[in-house]
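Model, not experiment: these values are computed from the prediction.
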Amino acid sequence: MTVTQKTILRYPSLSVASAFEKEQALIHRVEQGELNEALLLWQPDAQTLVLPAGQKWPQTPELRRALSSLGWQVQSRRTGGAPVPQLPGVINVSYLTVWPNNTPYHIQTAYQYFCTILQSFFHQLGITTTVGDTPGSYCDGDYNLNIYGKKVVGTAQRILRLGAGTGDAKQTVMLAQACLLIDADCQHIVAPVSLCNQLCGYADRIEAEVHTPLAAHLDELPGTEQLFQLLTQAFVARPPLEVGKA
């Protein structure tokens with residue numbers, strides 16, 4: 001039997017719950033040795049606030065009612081440190097790759113590698129991005145992509161250790177995720193995050209003006225399928241992974 005080593009899945013309209021199920025199915029295929037690389041591209045079909053699983057962000061009836069009154073569903077996921085709004089006009093990337101054998105894993109190298117691929121997507125559209133934090137943005141991190149200092153992409157990362165060995169004997173798999181603001185109203189998308197912070201007792205101030213959608217920087221925004229194709233090209237043409245850097 002021929003083993004499929006790579007796969008690319010693209011969904012222009014998909015529920016958040018279904019997207020997470022498809023991501024988990026890809027992880028399972030990697031665990032079973034069917035894949036060593038996978039790319040999942042998807043766009044949400046409905047307004048959904050995604051909360052990290054755990055006690056820090058409890059999905060109380062009060063929170064669900066308040067978000068529902070604003071037209072937002074609620075969904076949880078294992079990765080991410082803070083609430084993330086998902087809705088049509090946002091494109092998500094999940095990238096699974098097996099880390100090279102006998103090579104130390106470094107989170108900075110992994111993030112920089114992932115961001116370099118994403119930057120090449122924007123370069124195809126004539127847009128220069130920088131990597132860094134964006135104070136005041138939702139789910140802020142050190143590896144956002146910014147346009148003129150405003151956040152257009154948020155990233156997250158999860159490491160899987162596969163195999164029967166222990167420590168370095170196990171296979172390392174990187175799951176890198178990105179959320180791209182394509183054509184979304186920034187005032188609208190921060191509202192449920194601010195509400196969630198308030199009801200969960202956190203004072204973090206989320207500012208709409210520190211975010212920017214891709215559409216604000218193009219005369220004409222390509223369609224979702226064309227954007228998927230450009231993202232696919234960026235990953236297919238990605239540079240070699242330079243490992244061993246701290």
Does [X] reach the side chain of [Y], with side-chain heavy atoms less than 4.5 Å apart?
X	Y	result
Leu87	His188	yes
Gln124	Gln233	yes
Leu35	Val98	no
Val93	Leu231	yes
Asp183	Leu214	no
Val153	Thr129	no
Val84	Gln86	yes
Leu181	Lys151	no

* **Trace of the side-chain contact (heavy atoms from CB on, under 4.5 Å) decision for Ile27 with Glu31** => CA-CA 6 Å; Ile27 292 172; Glu31 291 175 336; 3.9 Å; yes
Taking the side chain from [X] and the backbone from [Y], do they hold a donor-acceptor pair closer than 3.5 Å?
X	Y	result
Gln43	Ile91	no
His211	Tyr138	yes
Tyr202	Trp57	no
Asp140	Thr134	yes
Ser68	Arg64	no
Ser15	Ser18	yes
Gln59	Val74	no
Gln47	Gly71	yes

Shortest non-hydrogen contact between [X] and [Y], atoms and distance:
X	Y	answer
Phe235	Phe114	CZ-CE1, 3.8 Å
Pro44	Val90	CD-O, 3.1 Å
Leu49	Cys196	CD2-CB, 3.9 Å
Val190	Gln187	CG2-O, 3.5 Å
Ala82	Pro52	N-CG, 3.4 Å
Cys115	Leu145	SG-CD1, 3.7 Å

* Linking I/L/V/M/F/W/Y whenever their side-chain heavy atoms sit closer than 4.5 Å, directly or via other members, would Phe228 and Leu39 fall into one cluster? -> yes
* Asked: For the hydrophobic clusters of this structure (ILVMFWY residues joined by side-chain heavy atoms under 4.5 Å, transitively), does one cluster hold both Val210 and Ile182?
  -> no
[X]-[Y] side chain donor-acceptor pair, cut-off 3.5 Å:
X	Y	answer
Tyr143	Gln108	no
His217	Thr212	yes
Arg238	Ser120	no
Ser94	Glu23	yes

* Passes side-chain contact (heavy atoms from CB on, under 4.5 Å), Tyr95 versus Leu175? Steps please. -> CA-CA 6 Å; Tyr95 178 56; Leu175 169 58; over 6 Å; no
If you measure from [atom1] on [X] to [atom2] on [Y], what distance do you get to the nearest 0.5 Å?
X	Y	atom1	atom2	result
Thr130	Ile147	OG1	CD1	9.0 Å
Lys56	Leu51	NZ	CG	11.5 Å
Asp142	Gln112	CG	CD	10.0 Å
Leu63	Thr60	CG	OG1	5.0 Å
Glu225	Leu230	CD	CG	11.5 Å
Met174	Thr172	CE	OG1	11.0 Å

* Can you sort out the partners of Trp42 under ring-ring contact (aromatic ring centres under 6.0 Å, His included), two or more places apart, ordered by chain and number? => none
* To do: May I ask you to check whether over 12 heavy atoms, not counting those of Tyr148, lie within 6.0 Å of atom OH?
  => no
* Check step by step if side-chain contact (heavy atoms from CB on, under 4.5 Å) holds for Ile8 and Arg10. => CA-CA 7 Å; Ile8 299 173; Arg10 311 196 305 191; 4.0 Å; yes
* Glu209/Lys150 salt bridge by N-O under 4.0 Å criterion -> no
* How far apart are the C-alpha atoms of Arg158 and Gln177, what are their side-chain angles, what is the distance that settles it, and do they pass the side chain to side chain donor-acceptor pair (under 3.5 Å) test? -> CA-CA 8 Å; Arg158 176 178 158 203; Gln177 299 157 328; over 6 Å; no
* Hey, mind stepping through Asn36 and Leu96 against side-chain contact (heavy atoms from CB on, under 4.5 Å) and telling me if it holds? -> CA-CA 8 Å; Asn36 58 22; Leu96 273 160; over 6 Å; no
